[in-house]
Amino acid sequence: RETSHAIGRQMALMRQEEGKLTPEQQQLYELLEHQQEQVQELTVGLTRKGLAFEDMDNMLRQAQPFILRLIFKDTLTDTYNRYFFISRGEKLMREAEENIGFSLAFFDIDKFKACNDTYGHEAGDEYITTVANIFSDVYGKYGNCYRTGGDEFCCIIPASKQVNLLRLKKIFLTKIYTANIEGTQEYNMGVAIGQAKYDSSVDKDFRALVKRADASMYENKRTYKTS
C-alpha cells in the first residue's frame with residue numbers, strides 16, 4: 001500500500017505539470033501508471049490466492065526501494081529528478097519558518113548540445129555524468145543534488161548547513177578545470193553557476209526562489225561568454 005501511495009503522489013505531482021511534459025517525462029508518467037496497475041493487480045492476485053497480508057506486505061516493501069528509485073532518481077546521473085526537486089522545495093517553503101536561510105545552487109553545462117552534435121550522444125552522456133559526479137561530490141555533502149533539466153542541475157542546501165557558497169563554487173570550478181587537464185575527452189567541459197538564498201521578503205513561493213537562482217546562473221553564463 002505504501003508503494004502504491006508513493007507512486008500515486010508522484011503521478012499527482014506530474015499531473016500539475018500537465019501540458020509541460022517532455023516526451024521523456026510523458027513516458028515516465030505512463031510507466032508510473034503501469035507500475036501502479038501492476039502493484040494493484042499483484043495485491044488483488046495475492047489476496048485471492050490466500051497469501052497472508054503480512055507476507056504480501058513484505059514483498060511490496062522489498063520492491064519499494066527499486067520502484068521509488070525509478071520515481072525519484074535520474075537514471076543517467078543518479079541525482080534526484082525534477083519532480084522530487086519541486087516536491088522537496090515546496091515542502092521547505094511550507095515550513096518556511098523552520099527553513100529560513102536555505103539556499104539553491106544551480107549550474108548549467110556549457111556547450112552541451114555542441115558536444116552531442118560534434119562527438120555523439122555517448123560523449124554527451126559522458127560529459128553530463130562527469131560534471132554531475134563532480135557536482136555531487138562537492139555539493140552533495142551539504143544537500144541533495146537534482147537534475148532539473150537536460151543540462152541543468154541544482155543542490156538544495158538546508159539552512160542547518162553552515163556553508164560558504166562562494167567557496168563551494170570555487171572548489172567545483174577547480175575540479176572541473178582539473179578534469180579538463182587530466183581527462184582524455186576530446187571536448188572541453190565548462191559550467192555556469194548561480195545561487196540564491198531564501199528571502200521571505202522577495203520569495204513568495206518556491207518558483208520565485210528558483211527564478212532568482214536561475215537568473216544568477218544566466219548572469220554568470222553571460223559573464224563567462226564575454227570574458
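Not measured: the values here are computed from a predicted model.
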What's the spacing between L165 CG and K170 NZ if we round to 0.5 Å? 12.5 Å
For the residue pair K141 and K161, what are the closest heavy atoms and their distance? O-NZ, 4.3 Å
Please answer whether the main-chain N or O of E126 pairs with a side-chain N or O of T129 as donor and acceptor at a distance below 3.5 Å. yes
How long is the span from the OG1 atom in T118 to the CD atom in E186, to the nearest 0.5 Å? 10.0 Å
Shortest non-hydrogen contact from L209 to A196? CD1-CB, 3.9 Å
If we only count heavy atoms from C-beta on, is the N116 to K113 side-chain gap below 4.5 Å? no
So does A132 get a backbone contact from the side chain of S136, meaning a donor-acceptor N/O pair under 3.5 Å? yes
So, do R207 and K211 sit near enough that their side-chain heavy atoms are less than 4.5 Å apart? no
Minimum heavy-atom separation for M217 and F107, please, with both atom names. SD-C, 3.4 Å
For D203 and K197, work out which heavy atoms get closest and say how close. OD2-O, 3.9 Å
Is there a chain of hydrophobic side chains (I, L, V, M, F, W, Y, each step under 4.5 Å between heavy atoms) that links Y177 to F112? no
What's the spacing between I176 CD1 and I181 CD1 if we round to 0.5 Å? 12.5 Å
Nearest heavy-atom contact between D74 and T77 is OD2-OG1, 2.6 Å
Counting only N and O atoms by type, is there a donor-acceptor contact under 3.5 Å from the side chain of K73 to the main-chain atoms of D78? yes
With the side chain counted from C-beta on, respond yes when F135 and V191 share a heavy-atom pair under 4.5 Å apart, and no when they do not. no
Side chains of N188 and K111 in contact at under 4.5 Å (non-hydrogen atoms): no
Which residue in the set F106, Y80, Y139 passes side-chain contact (heavy atoms from CB on, under 4.5 Å) when paired with C154? F106
May I ask you to test the V131-F153 pair for a side-chain heavy-atom distance under 4.5 Å? no
Return the orientation label for the F84 and Y146 ring planes: parallel under 30°, perpendicular over 60°, tilted otherwise. tilted
Just how far is it from atom CG of D137 to atom NZ of K175, taken to the nearest 0.5 Å? 5.0 Å
What is the minimum heavy-atom distance between I134 and A179, and which atoms define it? CD1-CB, 4.0 Å
Where the side chain of S87 meets the backbone of Y83, is there a donor-acceptor pair that is under 3.5 Å apart? no
Would you compute the distance between atom CD of E90 and atom CZ of F85 and round it to the nearest 0.5 angstrom? 10.0 Å
Just wondering, do N220 and K169 contact through their side chains at under 4.5 Å, heavy atoms? yes
Determine, step by step, whether L168 and Q195 satisfy the side chain to side chain contact (heavy atoms under 4.5 Å, CB included) criterion, reporting the C-alpha distance in whole Å, the side-chain angles of both residues, the deciding distance to 0.1 Å, and the verdict. CA-CA 11 Å; L168 283 185; Q195 51 205 32; over 6 Å; no
Would you say the side chain of F206 lies within less than 4.5 Å of the side chain of L104, judging by non-hydrogen atoms? yes
Using a 3.5 Å distance criterion without hydrogens, assess whether the side chain of R147 forms a donor-acceptor pair with backbone atoms of T75. no
Can you tell if the side chain of F172 reaches within under 4.5 Å of the side chain of I193, non-hydrogen atoms only? yes
When you measure from the side chain of S103 to the backbone N and O of I157, does any donor-acceptor pair fall under 3.5 Å? no
Can any side-chain N or O of Y187 pair as donor or acceptor with the backbone N or O of Y127 at less than 3.5 Å? yes
